[in-house]
Amino acid sequence: MLQTEFPFTLPLGYVDSEGNLHREGVMRLATAFDEIAPLKDPRVHNNPAYLLIILLARVITRLGRLEQINPKIVEGFFAADLAYLQALYRRLNDHGGNRVHTQCPYCEKAFDVELGEPGESGATP
């Protein structure tokens with residue numbers, strides 16, 4: 001079965017208006033509509049970088065105890081968290097998952113690595 005949702009932990013976390021920290025979340029794979037729909041948004045026309053904000057608001061299905069993720073919440077992410085989520089989005093949607101195929105530089109054996117949190121490894125030979 002195709003995995004379409006992937007858990008993540010933000011490096012710093014989102015602090016809501018009440019001071020609550022939200023770090024654990026879930027991102028789903030993007031659909032074609034997720035990538036096309038934001039192009040009609042006037043905020044993207046005024047600032048093409050805003051496309052990332054809208055994309056993330058569409059594909060993050062959960063963040064801590066927040067019931068809904070919208071562009072205003074994504075605007076409040078710290079830069080380190082935004083960069084982390086952008087890299088995760090690219091990895092998931094370019095490869096269809098959080099697994100990357102690689103090769104050992106010494107023995108040249110090919111294997112897959114399940115990418116996780118910084119500092120973790122999940123090599124699967």
Notebook entry, point to check: With a 4.0 Å cut-off, would you call Arg23 and Asp81 a salt bridge?
Noted result: no
Next item on the list: Please report the closest heavy-atom contact between Leu55 and Pro38, naming both atoms and the distance.
Entry: CD2-CG, 4.4 Å
Note to self: Give me the atom names and distance for the closest heavy-atom approach of Glu5 to Gln3.
What the structure shows: O-NE2, 2.9 Å
Note to self: Taking Val15 as the starting point, is it possible to reach Leu12 by hopping between hydrophobic residues whose side chains are less than 4.5 Å apart?
What the structure shows: yes
Next item on the list: Would you give the length of the straight line joining atom CZ of Arg65 to atom CG of Asn20, rounded to the nearest 0.5 angstrom?
Entry: 5.0 Å
Notebook entry, point to check: Just wondering, do Leu52 and Leu82 contact through their side chains at under 4.5 Å, heavy atoms?
Noted result: yes
Note to self: How long is the straight-line distance from CD1 of Ile73 back to CD1 of Ile60, given to the nearest 0.5 Å?
What the structure shows: 9.5 Å
Note to self: So, taking the atom named CG in Leu29 and the one named CZ in Phe6, what distance separates them when rounded to the nearest 0.5 Å?
What the structure shows: 5.0 Å
Note to self: Between Pro71 and Tyr50, is there a side-chain heavy-atom distance shorter than 4.5 Å?
What the structure shows: yes
Check: Hey, is the main chain of Pro7 close enough, under 3.5 Å, to the side chain of Arg62 for a donor-acceptor pair?
Finding: no
Check: Is any side-chain heavy atom of Ile54 less than 4.5 Å from a side-chain heavy atom of Val74?
Finding: no
Notebook entry, point to check: Mind checking whether Thr31 and Asp34 have side chains closer than 4.5 Å, heavy atoms only?
Noted result: yes
Margin query: Between Asn93 and Tyr89 (side chain of the first, backbone of the second, donor and acceptor by atom type, cut-off under 3.5 Å), is there such a pair?
Written below: yes
Next item on the list: Determine, stepwise, if the pair Phe33 / Arg58 fulfils side-chain contact (heavy atoms from CB on, under 4.5 Å).
Entry: CA-CA 10 Å; Phe33 189 72; Arg58 294 179 69 90; 3.2 Å; yes
Checklist line | Sidechain-backbone polar pair: Glu35 side chain, Ala37 backbone, donor-acceptor under 3.5 Å | finding: no
Notebook entry, point to check: Per the side chain to side chain contact (heavy atoms under 4.5 Å, CB included) rule, which among Leu56, Leu39, Asp41 passes with Leu51?
Noted result: Leu39
Next item on the list: State the CE-CZ distance between Met27 and Arg91, to the nearest 0.5 angstrom.
Entry: 9.5 Å
Next item on the list: Supply the atom-to-atom distance Leu85 CG to Leu10 CG, rounded to the nearest 0.5 angstrom.
Entry: 5.0 Å
Note to self: Would you compute the distance between atom OH of Tyr14 and atom CG of Leu66 and round it to the nearest 0.5 angstrom?
What the structure shows: 6.5 Å
